[in-house]
Participant: 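My structure is below; once you've seen it, I'll send some questions.
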Amino acid sequence: MSERRAYPSDLSDARWELAEPVLAAWRSERRRRALAFGRPPEHELREIMNAILYVDRTGVQWRYLPHDFPPWETVYGYFAKWQKYGVFAQLNGLLRELVRQKEGRTAQPSACVIDAQSVKTSTSVPAAGQGIDAGKKIVGRKRSIVTDTLGLLLAVLVTAASVQDSDAGRAHVEHVAAEHPTVRKTWVDGGYRQHLVEHAATLGINMEIVQRTPGTRGFTPLPKRWTVERTYGWLMLHRRLARDYETLPARSEAMIHLAMTDLMARRLTGESTISWRDPAKHHQPQIPG
């Protein structure tokens with residue numbers, strides 16, 4: 001790694017050891033499949049990953065990457081390729097299993113929680129990829145996520161905000177049934193319709209709608225479902241997710257996978273996530289179990 005002053009978002013040696021095998025295997029496979037071998041890669045994978053994490057953590061535009069990182073075009077090129085080939089999702093899945101085992105759980109979950117969050121978009125997002133969430137009065141996109149009962153990410157789907165929760169939920173339960181066959185229970189909120197409950201049942205998943213108490217105002221933690229709300233809070237430590245800046249929904253999903261990977265890697269190595277809210281005191285919230 002080139003000599004430079006470290007940024008708070010940089011990978012420590014311990015966290016790099018978690019990510020390196022996956023990234024190194026990807027690069028090795030890419031070179032093996034190449035028709036002709038050119039010169040060796042100019043930039044180290046660790047520095048590429050550090051630069052991508054810097055964007056995700058700080059929210060800076062790609063072109064505004066500090067000059068002591070590799071060129072932004074190179075960094076973005078790697079980000080796009082890793083998204084295309086599912087590297088971020090692969091890292092997320094690997095670390096999720098390690099965290100679950102560290103917490104004394106089985107590697108594969110038996111229950112999950114589904115929820116959606118509407119967010120505003122930047123001017124870089126095409127109008128065709130946006131929509132209006134009439135209930136929340138937000139013009140932008142909707143992030144639908146599935147977590148296990150620890151709040152760890154199982155799946156993410158980014159759509160226009162106008163897409164109904166049940167439509168995204170249908171895609172999620174089908175994904176969960178295919179990719180996580182041990183899941184037999186899921187909790188959702190009142191935005192999900194009865195027909196989705198019936199569809200989940202055909203896939204062997206018992207879906208329970210957790211309703212708010214009538215007359216309740218403001219935020220109130222709901223049984224089982226509060227874990228997914230907490231996950232959204234963890235993700236907001238990454239400023240790139242405060243608004244949707246990505247032109248393609250798949251790139252938005254990659255940013256969410258990346259943020260969750262960063263959080264889980266810190267949890268596995270006992271490192272804290274520095275919050276910008278109180279940098280003088282280095283208030284560093286941990287991911288609870």
Participant: Salt bridge or not between R46 and D13? Use side-chain N to carboxylate O under 4.0 Å.
Facilitator: yes
Participant: For D167 and Q164, which I'm curious about, is there any donor-acceptor pair between the side chains at under 3.5 Å?
Facilitator: no
Participant: Any ion pair linking R225 and D189 (charged N to carboxylate O, less than 4.0 Å)?
Facilitator: yes
Participant: Give the minimum heavy-atom separation between L152 and V99, together with the two atoms involved.
Facilitator: CD1-CG1, 3.6 Å
Participant: So that I can tick it off, tell me whether K185 and E208 are bridged by a salt bridge, with the cut-off set at under 4.0 angstrom between side-chain N and carboxylate O.
Facilitator: yes
Participant: Would you confirm whether R143, through its side chain, and L241, through its main-chain N or O, come within 3.5 Å as a donor-acceptor pair?
Facilitator: yes
Participant: For H195, does the NE2 atom sit with more than 12 other heavy atoms under 6.0 Å from it, leaving out its own atoms?
Facilitator: yes
Participant: Side-chain contact test, heavy atoms from C-beta onward, threshold under 4.5 Å: evaluate it for L258 versus M49 and give yes or no.
Facilitator: yes
Participant: Just wondering, do V75 and H43 contact through their side chains at under 4.5 Å, heavy atoms?
Facilitator: no
Participant: Is it the case that atom NZ in K120 sees more than 12 heavy atoms from other parts of the structure closer than 6.0 Å?
Facilitator: no
Participant: If we count only N and O atoms by modelled type, under 3.5 Å, do the side chains of R266 and S272 hold a donor and an acceptor together?
Facilitator: no
Participant: S144 side chain to A168 main-chain N or O, any donor-acceptor pair under 3.5 Å?
Facilitator: no
Participant: So T149 and R105, do their side chains get closer than 4.5 Å, heavy atoms only?
Facilitator: yes
Participant: May I have the step-by-step check of ring-ring contact (aromatic ring centres under 6.0 Å, His included) for Y64 and W72, ending in yes or no?
Facilitator: CA-CA 8 Å; Y64 283 73; W72 75 266; over 10 Å; no
Participant: So, taking the atom named CG in L263 and the one named CG in L237, what distance separates them when rounded to the nearest 0.5 Å?
Facilitator: 6.5 Å
Participant: Do T106 and Q108 have side-chain N/O donor and acceptor atoms under 3.5 Å apart?
Facilitator: no
Participant: Check D148 with R100, please: is the shortest side-chain N to carboxylate O separation under 4.0 Å?
Facilitator: yes
Participant: Do the side chains of D10 and R4 get close enough for a salt bridge, i.e. N-O under 4.0 angstrom?
Facilitator: yes
Participant: Do Y245 and S252 have side-chain heavy atoms sitting under 4.5 Å apart?
Facilitator: no
Participant: Work out which heavy atom in S118 is nearest to a heavy atom in I138; give both atom names and the distance.
Facilitator: O-CD1, 3.5 Å
Participant: Taking the side chain as every heavy atom from C-beta outward, state whether D244 and V158 have any atom pair closer than 4.5 Å.
Facilitator: yes
Participant: With no hydrogens and no angle check, do the side chains of Q83 and E253 hold a donor and an acceptor under 3.5 Å apart?
Facilitator: no
Participant: Just how far is it from atom CZ of R230 to atom CG of L235, taken to the nearest 0.5 Å?
Facilitator: 12.0 Å
Participant: Using a 6.0 Å cut-off, check whether atom CD of E20 has over 12 heavy atoms from anything other than its own residue.
Facilitator: yes
Participant: Is it the case that over 12 heavy atoms from other parts of the model lie below 6.0 angstrom from the CD1 atom of I132?
Facilitator: no
Participant: Is R5 paired with D68 through a side-chain N to carboxylate O contact shorter than 4.0 Å?
Facilitator: no
Participant: Does R240 pair with E246 as a salt bridge, N-O distance under 4.0 Å?
Facilitator: yes
Participant: Which distance, rounded to the nearest 0.5 Å, do you find between the CE of M260 and the NE2 of H238?
Facilitator: 9.5 Å
Participant: Quick one: closest heavy-atom pair of M255 and D56, and the distance?
Facilitator: SD-OD1, 3.1 Å
Participant: If the plane angle is over 60° it's perpendicular, under 30° parallel, otherwise tilted; pick one for F88 and W82.
Facilitator: perpendicular
Participant: Check whether W226 and M207 end up in the same hydrophobic cluster, where Ile, Leu, Val, Met, Phe, Trp and Tyr are linked by side-chain heavy atoms less than 4.5 Å apart.
Facilitator: no
Participant: Salt-bridge test for R27 and E44: reply yes if a basic N is under 4.0 Å from a carboxylate O, no otherwise.
Facilitator: no
Participant: Over all heavy atoms of both residues, which pair between I209 and Y192 is shortest? Give the atoms and the distance, please.
Facilitator: CD1-O, 3.3 Å
Participant: Any side-chain heavy atom of C112 sitting closer than 4.5 Å to one from W187?
Facilitator: no
Participant: For atom NZ of K81, decide whether the heavy atoms of other residues, nucleotides or ligands shown that lie under 6.0 angstrom number more than 12.
Facilitator: no
Participant: Output the distance between atom CZ (R170) and atom CD (E174), rounded to the nearest 0.5 Å.
Facilitator: 5.0 Å
Participant: Would you say the side-chain atoms of R30 and Y85 include a donor-acceptor pair closer than 3.5 Å?
Facilitator: yes
